[in-house]
Novice: 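The structure under discussion is supplied below as structure tokens; questions concerning it will follow.
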Amino acid sequence: MNIENFLKEKITSAIQVIFDFEPENNMLQFQQTRKEFEGDITFVVFPIVRYTQKSPEDTARMIGEYLVTDEGIIEKFNVVKGFLNLTITISWWINNLKEAFKNERYGLKEATEDSELVMIEYSSPNTNKPLHLGHIRNNLLGFSLAEILKGNGKRVVKTNIVNDRGIHICKSMYAWQQWGEGRTPESTGIKGDHLVGDFYVMFDKQYKKEIAELVAKGFSEQEAENCALSILAVRELLRKWEAGHKGTVELWKMMNGWVYDGFNVTYRNLGVDFDKIYYESETYLSGKEEVLRGLKEGIFYQKDDSSIWADLTSEGLDHKLLLRSDGTSVYMTQDIGTAKMRFNDYPIDKMVYVVGNEQNYHFQVLAILLDMLGYDWGRELYHFSYGMVELPTGKMKSREGTVVDADDLIAEMIEVARKMGEELGKLEGLSEEEAERTYKIIALGALKYFILKVDPRKNMTFDPKESIDFNGNTGPFIQYTHARIRSVLRKAIDANINISADFNGIKTVEEKERELLKTISLFPETVEEAAMEYSPAVLANYCYELTKHFNQFYHEHSILNEPDLDKRNFRLVLSDVVSEILRNGMGMLGIELPERM
RNA sequence: GCCCUGAUAGCUCAAUUGGAUAGAGCAACGGCCUUCUAAGCCGUAGGUUAUGGGUUCGAGUCCCGUUCAGGGUACCA
């Protein structure tokens, strides 16, 4: 039960009886009562005063008096200016706690066969270099979003579109042919994606060198970029690939295979996965077909150089290239093809693209183009646009070697977690294997929480040295609190204490307990809000609030040593519900909670 | 040039979408381990919400101007 909705009904009828008019839903505004005032929830009367013909104070007081006499929900009230502070009866809070206790999936909704089907595309890597910090944000957001939507009763298909073809992978292939000497991940012990990335860097160096030489000989920069020997060789490779040349295709397959093996390790470490993977090498032709169909039907037009374009001026945008003059496809072409294939493969109700905000324009155009091509779902595409991850020194630039590699970062985090854990002397009773597993959970918890707690739409700063902390508003803080709760519950079971929701004698609770009861009651709407806003951050910040409140409660009140059995039971149930919510909430963020730490 | 974002404590982030005296953590300083886990708790200090105007009972939030930063802008993805 949601207290807000419940009160909305009550207040609507109160207003009808007292002031003889029916308020619209958006006039009924609630907020948490601020700490300095007495009460649990506050009704803001300003929006309705113009209809009540009374002062804000009188309006609030009259509604308050009505609510108190009505039923046993509101215990008392007070009025400050236009704010009606309501104190909910303790029995309502206790009932809510009992409901949460008996329902393991409190606050979550179950999907049924006819629930909305949402496809979420995320990750979407290129196969020429390893994943970096920017990809980590993408992967964590995409995965978490999928889990949040599941928690809201949607059916979800997680998908990944791998950009496995094009000029970028040919650069690595060329470098490998030139200087690879047959090296493989096995022969070198280097993770496949990193090995291929190394060749990409090698190419780039060579290319730059050639350009510099040409410029020194008097060529313009642009000319140099286009006629350097290495780039010509790479273009030749791409042509051979598109023509299906056997050796080229085999090399391409082999090197991409290395990359996928590497990516899979990173994905596994991050704890993300996919239900369906698409490859651009398999979708780009379908995109070409669509563009050609559009041309035939007069939706698009062709220039003299035979390139194909869409005229978007009626939408207030420019003209958009869809096929190059040499007939090869561009990014947009591929996305059209991929979208079409997906809607053929699944009965998708909603398509979500988790892609950085630098591509806002791209997705605006994609939606319009699909609409022009006659797909009624085109306009419904949702671009979940997130901000970039910046370093204290500025943007990550691969050319300047300032990219933070995903694998390195994860390894480093685990190292720090282990060092800290050993210093604190935790986990001493555990086997080495278990301890190692726990350190990994903590390290990833820190990383994931750090990234997910910030508003996805905003750019964020990541300081690899200082930003990742294990104290304060962090993943480990929440994990730690959970571990403590579990420890108490274990001890209760060891002492043969049966945890049951049978504590009817409780008439009053301490302030911190009341605080916790309130926060617990907010979980269902937080889950809903996180899904509506597409924001894991909402959930993360809630988990922190709850954890903080629990710690304060835990510090002031003993649980197992409480002599009053009714009270002890109540506190055990309270603790159990908090740990359950944390597990469900953090679970939707992809963050594991260890039993001990 | 044009278009889109953003700017909140020294740093990293919040602020229930227009509500009460703008909140947390980090860093700094001062307390609390003989008591269910101190990765914790309590306290002190830190703010003209970039800036100037406007809208109204009420603005960090909405509108206009300015400054700064980031992104996009037709054959990169």
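None of these values were measured; they are calculated from a predicted model. A note on names: the letters A, B, ... follow the listed sequences, proteins ahead of strands, and every chain is numbered from 1. Just the heavy atoms: all of them, side chains too, but no hydrogens, waters or symmetry mates, feed the values below.
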Novice: Taking the six-membered ring for Trp, are the ring centroids of A/Tyr200 and A/His168 within less than 6.0 Å of each other?
Specialist: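 Not close enough - the centres of the two rings lie 6.0 Å or further apart.
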
Novice: State the syn/anti category of B/U44 according to its glycosidic angle, syn meaning within 90° of 0.
Specialist: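 This nucleotide is in anti.
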
Novice: How many Å lie between CG on A/Asn360 and P on B/G70, as a whole number?
Specialist: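 The answer, rounded to whole Å, is 17 Å.
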
Novice: Given atom CZ of A/Arg457 and atom C1' of B/C4, what is their separation to the nearest angstrom?
Specialist: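 Rounded to whole Å, this separation is 15 Å.
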
Novice: Roughly how far apart are A/Gln334 CD and A/Leu285 CG, rounded to 0.5 Å?
Specialist: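 Here the rounded value is 9.5 Å.
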
Novice: Rounded off to whole Å, could you give me the CG-to-P distance for the A/Asn459 and B/U5 pair?
Specialist: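 It works out to 14 Å between those atoms.
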
Novice: Between A/Ser558 and A/Met388, who's closer to the 5' end of RNA chain B by nearest nucleotide?
Specialist: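 Whichever sits nearer the 5' end wins; that is A/Ser558.
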
Novice: Identify whether a stacking contact exists between A/Phe37 and B/A20, where the ring centres must be under 5.5 Å apart and the planes under 30° apart.
Specialist: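 Stack criterion met.
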
Novice: Could you state the atom-to-atom distance from NE2 of A/His383 to C1' of B/U5 in whole Å?
Specialist: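 Those two atoms, NE2 and C1', are 13 Å apart.
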
Novice: Have A/Ser325 and A/Ser307 got a donor and an acceptor in their side chains that come within less than 3.5 Å?
Specialist: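 No, no side-chain donor-acceptor contact under 3.5 Å.
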
Novice: If I take atom NZ in residue A/Lys567 and atom P in nucleotide B/C36, what distance separates them, rounded to the nearest angstrom?
Specialist: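 Atom-to-atom, A/Lys567 to B/C36, this comes out as 20 Å.
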
Novice: State, to 0.1 Å, how close A/Val527 and A/Ile148 come at their nearest heavy-atom pair, and which atoms those are.
Specialist: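 That would be O-CG2, 4.2 Å.
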
Novice: Say you pick atom C1' in B/U16 and the same atom in B/A24; how far apart are they, in whole Å?
Specialist: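 Taking atom C1' in both B/U16 and B/A24, they lie 16 Å apart.
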
Novice: Could you pick out which residue, A/Leu84 or A/Leu560, lies toward the 5' side of RNA chain B when each is mapped onto its nearest nucleotide?
Specialist: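 In this pair, the answer is A/Leu84.
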
Novice: What's the separation between atom CD1 in A/Ile485 and atom CG in A/Asp576, rounded to the nearest 0.5 Å?
Specialist: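 Those atoms lie 9.0 Å apart.
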
Novice: Which word best sums up how the rings of A/Phe523 and A/Tyr542 line up, parallel for under 30°, tilted for 30 to 60°, or perpendicular for over 60°?
Specialist: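 The arrangement is tilted - the two ring planes meet at 30° to 60°.
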
Novice: Work out how far the C1' atom of B/U35 is from that of B/G23, and round it to whole angstrom.
Specialist: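 Here B/U35 and B/G23 have their C1' atoms 33 Å from each other.
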
Novice: Any base atoms under 4.0 Å from A/His482, or only sugar-phosphate, or nothing? Heavy atoms, all strands.
Specialist: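 The answer is nothing, as A/His482 stays clear of every strand by at least 4.0 Å.
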
Novice: Whole-Å distance between B/C11 P and A/Asp469 CG?
Specialist: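 One finds 17 Å between P of B/C11 and CG of A/Asp469, rounded.
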
Novice: Does NZ or CZ of A/Arg165 come closer than 6.0 Å to the centre of the six-membered ring of A/Tyr279, within 45° of the ring's axis?
Specialist: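 No, A/Arg165 and A/Tyr279 do not form such a contact.
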
Novice: Contact class for A/Val454 (heavy atom, under 4.0 Å): base, sugar-phosphate, or nothing?
Specialist: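 The residue A/Val454 makes sugar-phosphate contact but no base contact.
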
Novice: Work out how far the C1' atom of B/A14 is from that of B/G52, and round it to whole angstrom.
Specialist: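 Roughly 27 Å separates the two C1' atoms.
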
Novice: Protein within reach of the bases, or only the backbone? For nucleotides 72-77 of chain B, mark each nucleotide 5' to 3' as B, S or -, using heavy atoms under 4.0 Å.
Specialist: SSBBSB

Novice: Taking the inter-plane angle between the rings of A/Tyr534 and A/Phe384 on a 0 to 90° scale, is it parallel (under 30°), tilted (30 to 60°) or perpendicular (over 60°)?
Specialist: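 Correct class here is tilted.
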
Novice: Roughly how many Å apart are B/U5 and B/A9, using the C1' atom of each and rounding to a whole number?
Specialist: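 Rounded to whole Å, the distance is 24 Å.
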
Novice: Each nucleotide in nucleotides 37-46 of chain B should get exactly one letter: B, S or -. Can you fill that in based on protein heavy atoms under 4.0 Å?
Specialist: BSBSSS----

Novice: Report yes if some heavy atom in the side chain of A/Gln32 is under 4.5 Å from a heavy atom in the side chain of A/Leu522; otherwise report no.
Specialist: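 Side-chain contact under 4.5 Å: yes.
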
Novice: To the nearest Å, how far apart are A/Met460 CE and B/C11 C1'?
Specialist: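 These atoms are roughly 13 Å apart.
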
Novice: So, is A/Lys458 near the phosphate of B/G70, with a side-chain N or O under 4.0 Å from OP1 or OP2?
Specialist: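 For B/G70, OP1/OP2 do not have a side-chain N/O of A/Lys458 under 4.0 Å.
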
Novice: Stems involving RNA chain B: give each as a range paired with a range, ordered by first number, where a stem means at least three consecutive Watson-Crick or G-U wobble pairs under 3.5 Å.
Specialist: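 Counting only runs of 3 or more consecutive pairs, the stems involving RNA chain B are B:1-7 with B:67-73, B:10-13 with B:23-26, B:28-32 with B:40-44, B:50-54 with B:62-66.
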
Novice: Return the orientation label for the A/Phe203 and A/Tyr174 ring planes: parallel under 30°, perpendicular over 60°, tilted otherwise.
Specialist: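 Rings of A/Phe203 and A/Tyr174: perpendicular, over 60°.
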
Novice: On a whole-Å scale, what distance lies between the C1' atoms belonging to B/A69 and B/A74?
Specialist: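 About 27 Å, rounded to a whole number of Å.
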
Novice: With rounding to whole Å, what would you report as the distance between B/G6 and B/G65 at their P atoms?
Specialist: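 One P to the other, the span is 16 Å.
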
Novice: Report the glycosidic orientation of B/C62: syn if within 90° of 0, anti in every other case.
Specialist: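 For B/C62, whose glycosidic angle is more than 90° from 0, the conformation is anti.
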
Novice: Expressed in whole Å, how much space separates the C1' atoms belonging to B/U48 and B/G43?
Specialist: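 Pairwise C1' distance, B/U48 against B/G43, rounds to 27 Å.
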
Novice: Report yes if the distance between the aromatic ring centroids of A/Phe43 and A/Phe83 is under 6.0 Å, otherwise no.
Specialist: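 Not under 6.0 Å, so no.
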
Novice: Find out whether the Lys NZ or Arg CZ of A/Lys303 is both under 6.0 angstrom from the six-membered ring centre of A/Trp309 and within 45° of the ring's axis.
Specialist: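 Verdict for A/Trp309: a cation-pi partner in A/Lys303.
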
Novice: Suppose we call two aromatic rings close when their centres sit under 6.0 Å apart. Are A/Tyr480 and A/Phe470 close by that rule?
Specialist: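 Here the rings of A/Phe470 and A/Tyr480 have centres that are no less than 6.0 Å from each other.
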
Novice: To the nearest angstrom, how far is A/Arg34 atom CZ from B/U21 atom P?
Specialist: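 After rounding, the gap between these two atoms is 8 Å.
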
Novice: Check the geometry between A/Phe46 and B/G19 and answer yes if their rings are stacked (centres below 5.5 Å, planes below 30°), otherwise no.
Specialist: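 Stacking between A/Phe46 and B/G19: present.
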
Novice: Students often get this wrong, so: under 4.0 angstrom with heavy atoms, is A/Asp311 touching a base, only sugar-phosphate, or nothing?
Specialist: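 Nothing: the residue A/Asp311, judged by heavy atoms under 4.0 Å, touches no strand.
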
Novice: For atom C1', what is the distance between B/C63 and B/G18, given to the nearest Å?
Specialist: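 Looking at atom C1' only, B/C63 and B/G18 are 13 Å apart.
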
Novice: Taking the minimum atom-to-atom distance to the side chain of A/Asn561, which one of B/G70, B/A7, B/C36 wins?
Specialist: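 For the A/Asn561 side chain, the nearest candidate turns out to be B/C36.
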
Novice: Please find the pair of heavy atoms, one from A/Asn569 and one from A/Asn498, that lie closest to each other, and give the distance.
Specialist: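 Heavy-atom minimum between the residues: OD1-O, 3.7 Å.
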
